[in-house]
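One structure is given here, and the rest of the page talks about it.
The chains referred to below are lettered A, B, ... by the order of the sequence lines, with proteins before strands, and numbering in each begins at 1.
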Amino acid sequence: MAETRSPVRVRYAPSPTGALHLGGARTALFNYLFARQQNGQFLLRIEDTDRARLKPGSQASIEEGLGWLGMTWDEPPVVQSERKAAYQQAAQVLLESGAAYRCFCTPQRLEQMRAEQRARHEPERYDRRCRAIPREESDRRAAAGEGFVVRQAIPLEGSTVFHDLVMGTVTFRNDTLDDHVLLKSDGFPTYHLAFAVDDHETRISHVIRGDGWLPSAPKHLLLFQAFHWLPPAFAHVPLVLGPDKKPLAKRHGAKDVLEYRDAGYLPEAVDNFIAFLGWSPGTEEDILTIEQLIAKFSLEKIQTSPAIANLERLEWLNGQLIRRLPADELAARLAPKLPEASVEDLKPLMPLVQERLRTLNEAPEMLRFFFRDPDPVPVEQLTPKGKDPAAATTALDRAASTLRDLPDWTAEGIEPALRELAEHLGWSARDLFMVLRVAITGRTVTPPLIESMARLGKDRVLARLERAGSALAERSG
RNA sequence: GCCCCCAUCGUCUAGCGGCUAGGACACGGCCCUUUCAAGGCCGGAACGGCGGUUCGAUUCCGCCUGGGGGUACCA
């Protein structure tokens, strides 16, 4: 087993070309969990060397997403576009040692070369023409202002073998590797160069990244060797796919984790969900706190095949986690979604809704009747099947007088009185309760009726019964 | 085309030579019940195919098939 750096330092290195999506968040989370577990550091690096694809605001939104999910980074983010000089200097070192060379080929020539390779069914790779240019000539042409890129000189023979913490031992024959570009003609590095320089300088111990990078990993290793640097350990984690087995992208519902926040998901639920995508603790536990995730996480248990995101499970998890929240905490998280109510108003109501919520966003509809009269009264739903409106009007009326005279305004007092009334009327309790439910809440699906009435208060209940009664009488009469 | 990775219920997974192949989501049924949930119980549902190795393969090896990724002066 190769020597690895210590202490543990890992990084999440997004390129600011869009929002933080679930797959990116998962990669970040794996890094984060590993860092916390190993008492190491979690860093953020902004890979913005592709000037053409930058999206303004992207960095801020990625940082906001990570923050929402509770991932905090331990040092200010490294921003690659601010480190151009360091990469150029590194490229110079490689040029001098012969591990890299200038390439003066034009895009046209490269395109033609590839077309010919395609026609011959050969792998499309740079044909290394400029690798044969003597140093003096190369220096002279560069000094004369001729445009060039710097390419890595891959060894012609042998194989590059490394042990990936997730994938196991991986072998690449060097003669299948391309002399890819390290430094572009605009002076910016490509990913490969910037990666090596930055991970070395920030003393990254473990590179945990998407397995899209696996094919370039041998080149990265060769780069570290060329610099005589100790390479980090690698852990390539498989992608997260959408239900159509395509990589998570725009068309799969939310492309930004912040959309889950806005849709009423708990960050704990999203963390749990992505942690269990392609990873499991090896036990039958299926919901863990962030502390437990940190304690139990292990790179070796990451699945080697891609995982398909099952958003139904996220919803279920959200409901489970909502139920585990202390009632006061739930009220606090709900308050922003219900501007008409204060946290204090909400607290006593939590027992009525906590076990029926799957997302926070379902709460407003469920609770609104505590703060506003139903408007308009849904008259058409006031008459149960098999009954007529006149009977419903009578039921409403009788319920109002029964309740008006009720000395004990508690659930324990209200329920027997109403059941007795139903019997007098020759109605099922079910039908009577539904009429009252609609009259009082304006909806057919609500928190438990009796408890809701007890908390609403006698005055408001009576007012709504009377209002519904007259609306119904007016409609049918 | 070439290179690399992967393969257990629909989905997420447990399994690391001998198991009635376990759990969870989703689905169906029943119970509970004033609606809706939640909860409880029960049920259907998987080792991609073919060859090896072995007393014995889900498990080890090879091939095929299938899926994914890479193959840019993108990350």
Side-chain angles (χ1 to χ4, degrees), chain A residues 13-17 47-50 52-53 80 103 105 107 110-111 114 117-126 147-151 164 166-168 170-173 176-178 180-192 194-195 209-218 236 238-239 241 243 245-247 273 276-287 303-317 319-320 323 353-358 362 366 415 418-419 422 428-438 441 443-450:
Chain A
S15 57
T17 54
E47 308 218 317
D48 59 348
T49 56
D50 183 355
R53 297 201 314 154
Q80 292 185 324
C103 170
C105 293
L110 294 176
E111 185 36 55
R114 287 194 193 100
Q117 288 168 335
R118 245 191 318 273
R120 277 179 271 133
H121 291 197
E122 286 172 5
E124 292 173 37
R125 269 182 271 141
Y126 179 58
F148 65 87
V149 300
V150 175
R151 287 182 185 275
D164 186 277
V166 173
M167 295 296 180
V170 191
T171 305
F172 289 84
R173 278 174 42 190
T176 65
L177 269 24
D178 196 5
H180 59 248
V181 173
L182 295 175
L183 201 65
K184 307 180 225 179
S185 54
D186 65 2
F188 277 92
T190 59
Y191 172 85
H192 312 289
F195 157 85
R209 77 235 284 197
D211 76 353
W213 292 112
L214 192 54
S216 10
H236 288 94
L239 301 185
L241 310 179
K245 298 193 175 180
K246 293 291 172 202
F273 179 63
F276 277 82
L277 270 182
W279 175 84
S280 97
T283 64
E284 289 190 350
E285 300 161 290
D286 49 13
I287 301 181
Q303 208 72 11
T304 48
S305 55
I308 297 174
N310 175 195
L311 278 332
E312 285 164 336
R313 189 181 137 77
L314 172 59
E315 242 192 71
W316 171 79
L317 270 170
Q320 293 295 318
R323 256 146 252 143
V353 296
Q354 187 149 18
E355 68 183 26
R356 11 181 76 74
L357 291 174
R358 270 173 106 83
E362 291 164 359
M366 241 175 241
E415 181 160 3
L418 289 179
R419 287 189 185 277
S428 66
R430 185 189 190 88
D431 280 346
L432 179 61
F433 284 6
M434 186 49 87
V435 172
L436 299 180
R437 180 188 312 284
V438 171
T441 70
R443 309 185 67 217
T444 56
V445 176
T446 71
L449 179 64
I450 308 296

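Map A:Met167 and A:Ser185 each onto its nearest nucleotide of RNA chain B; the residue landing nearer the 5' end is A:Met167. Along RNA chain B, the nucleotide nearest A:Trp213 and the nucleotide nearest A:Val170 are compared for position; the residue whose nucleotide lies closer to the 5' end is A:Val170.
Side-chain atoms of A:Thr446 lie closest to B:U35 of the nucleotides B:U35, B:A26, B:U34. Comparing B:C73, B:C74, B:A38 against the side chain of A:Asp50 picks out B:C74 as the nearest. Taking the side chain of A:Pro215 as heavy atoms from C-beta on, and the options B:G22, B:G69, B:C74, the nearest nucleotide is B:G69. Listed nucleotides B:U34, B:C25, B:C2 differ in distance to A:Trp316; the shortest reach to its side chain belongs to B:C25. Nearest to the side-chain atoms of A:Pro448 among the listed nucleotides B:U35, B:C73, B:C6 stands B:U35. When each of B:C74, B:U34, B:G1 is scored by its nearest atom to the side-chain atoms of A:Pro123, the top-ranked nucleotide is B:G1. Here B:G68 is the nucleotide among B:G68, B:G1, B:U34 with the atom lying nearest to any side-chain atom of A:Leu239. Nearest nucleotide to the A:Ser15 side chain, out of B:C6, B:A75, B:C4: B:A75. Nearest to the side chain of A:Asp286, among B:A26, B:U35, B:A24, sits B:A24.
Look at B:G66: its Watson-Crick or wobble partner, with both distances under 3.5 angstrom, is B:C6. Pair assignment for B:A37 gives none, since no Watson-Crick or G-U wobble pairing has each distance under 3.5 Å. When Watson-Crick and G-U wobble pairs are counted only if both distances are under 3.5 Å, B:U59 pairs with no nucleotide at all. When both pairing distances are held under 3.5 Å, B:G43 makes a Watson-Crick or G-U pair with B:C27. Base pairing analysis places B:A21 opposite nothing; no Watson-Crick or G-U wobble pair with both distances below 3.5 Å involves it. Summarising the base pairing, B:G1 is matched to B:U71 through a Watson-Crick or G-U wobble pair whose two defining distances lie under 3.5 Å. Pair assignment for B:C16: none, as no Watson-Crick or G-U wobble contacts are both less than 3.5 Å.
Applying the 4.0 Å criterion to OP1 and OP2 of B:C73, one finds that A:Arg151 has a side-chain N or O inside that range. Side-chain nitrogen and oxygen atoms of A:Arg356 include none within less than 4.0 Å of the OP1 or OP2 phosphate oxygen of B:U35. Contact annotation: A:Arg114 reaches the phosphate of B:A72 (side-chain N/O to OP1 or OP2, under 4.0 Å). Proximity of A:Arg419 to the phosphate of B:U34: a side-chain N or O atom is located under 4.0 Å from OP1 or OP2. The side chain of A:Arg443 places no N or O atom within less than 4.0 Å of a non-bridging phosphate oxygen (OP1 or OP2) of B:U35. The shortest distance between the side-chain N/O atoms of A:Thr49 and the OP1/OP2 oxygens of B:A75 is below 4.0 Å. Here A:Lys184 reaches the OP1 or OP2 of B:C74: one of its side-chain N or O atoms lies under 4.0 Å away.
In this structure, CD of A:Gln320 is placed 12 Å from C1' of B:A37, rounded to the nearest angstrom. At whole-Å resolution of the value, CZ in A:Arg437 and P in B:U33 are 15 Å apart. Going from atom CD of A:Glu355 over to atom P of B:C36 covers 14 Å, rounded to whole Å. In this structure, the CG atom of A:Leu110 is 15 Å from the P atom of B:U71, given to the nearest Å. The CG atom of A:Asp211 sits 15 Å away from the P atom of B:C4 (whole-angstrom rounding). A:Leu241 has its CG atom 13 Å from the C1' atom of B:A7, to the nearest Å. A straight line from CD of A:Glu111 to C1' of B:U71 spans 14 Å, rounded to a whole angstrom. Distance A:Arg125 CZ to B:G70 P: 18 Å, rounded to the nearest Å.
Among the heavy atoms of the strands, none lies under 4.0 Å from A:Arg118. Residue A:Thr444 is classed as a base contact, given a heavy-atom separation below 4.0 Å to a base. Within 4.0 Å (heavy atoms only), A:Phe188 reaches no atom of the nucleic acid at all. Nucleic acid contact class of A:Glu124 (heavy atoms, under 4.0 Å, all strands): base. Backbone-only engagement by A:Pro189 is indicated by non-hydrogen atom pairs under 4.0 Å involving sugar-phosphate atoms exclusively. Among the protein residues, A:Arg53 comes within range of the nucleic acid bases, having at least one heavy atom under 4.0 Å from a base atom. Heavy atoms of A:Val181 sit under 4.0 angstrom from primed sugar atoms or phosphate atoms, though from no base atom. Within the 4.0 angstrom heavy-atom criterion, base atoms lie near A:Ile450. Contacts of A:Pro14 with the nucleic acid, taken as non-hydrogen atoms under 4.0 Å apart, are absent.
Only the P atoms considered, B:C42 is 35 Å distant from B:C50, to the nearest whole Å. Here the separation of B:C3 from B:C63, taken at their P atoms, is 13 Å to the nearest Å.
Applying the salt bridge (charged side-chain N to carboxylate O under 4.0 Å, His left out) rule to A:Arg356 yields no partners; only residues at least two apart in sequence or on another chain are considered. A:Tyr191 meets the ring-ring contact (aromatic ring centres under 6.0 Å, His included) test with A:Phe195, A:Trp213, A:His220; sequence neighbours excluded. Listed by chain and residue number, A:Asp50 satisfy the salt bridge (charged side-chain N to carboxylate O under 4.0 Å, His left out) test with A:Arg53 (two or more places apart in sequence, or in another chain). Scanning for salt bridge (charged side-chain N to carboxylate O under 4.0 Å, His left out) contacts around A:Asp164 gives an empty result, with sequence neighbours left out. Remark: A:Glu355 engages no residue in a salt bridge (charged side-chain N to carboxylate O under 4.0 Å, His left out) (not counting sequence neighbours).
Scanning all heavy atoms of the two residues, the minimum distance from A:Thr446 to A:Arg437 falls at OG1-NH1, 2.7 Å. Across all non-hydrogen atoms, the minimal contact from A:Asn310 to A:Phe273 is O-CE1, 3.3 Å. Nearest approach of A:Lys184 to A:Thr49, heavy atoms of both residues: NZ-O, 3.2 Å. For the pair A:Val181 and A:Thr190, the tightest heavy-atom approach, listed with the atom from each and the gap, is O-OG1, 2.8 Å. Of all the heavy atoms in A:His236 and A:Leu214, the pair that sits closest is ND1-CD1, 3.4 Å. Of all the heavy atoms in A:Pro16 and A:Asp48, the pair that sits closest is CG-CB, 3.7 Å.
A:Thr441 places a side-chain N or O within donor-acceptor distance of the main-chain N or O of A:Arg443, the cut-off being under 3.5 Å.
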Please write out each protein N/O paired with an N/O of nucleotides 12-15 of chain B under 3.5 Å, distance rounded to 0.1 Å.
residue, atom, partner, partner atom, Å
B:C12, OP1, A:Ile308, N, 3.1
B:C12, O3', A:Gly278, N, 3.4
B:C12, O2', A:Phe276, O, 2.8
B:U13, OP1, A:Gly278, N, 2.4
B:A14, OP2, A:Gln303, OE1, 3.3
B:A14, OP2, A:Gln303, NE2, 3.3

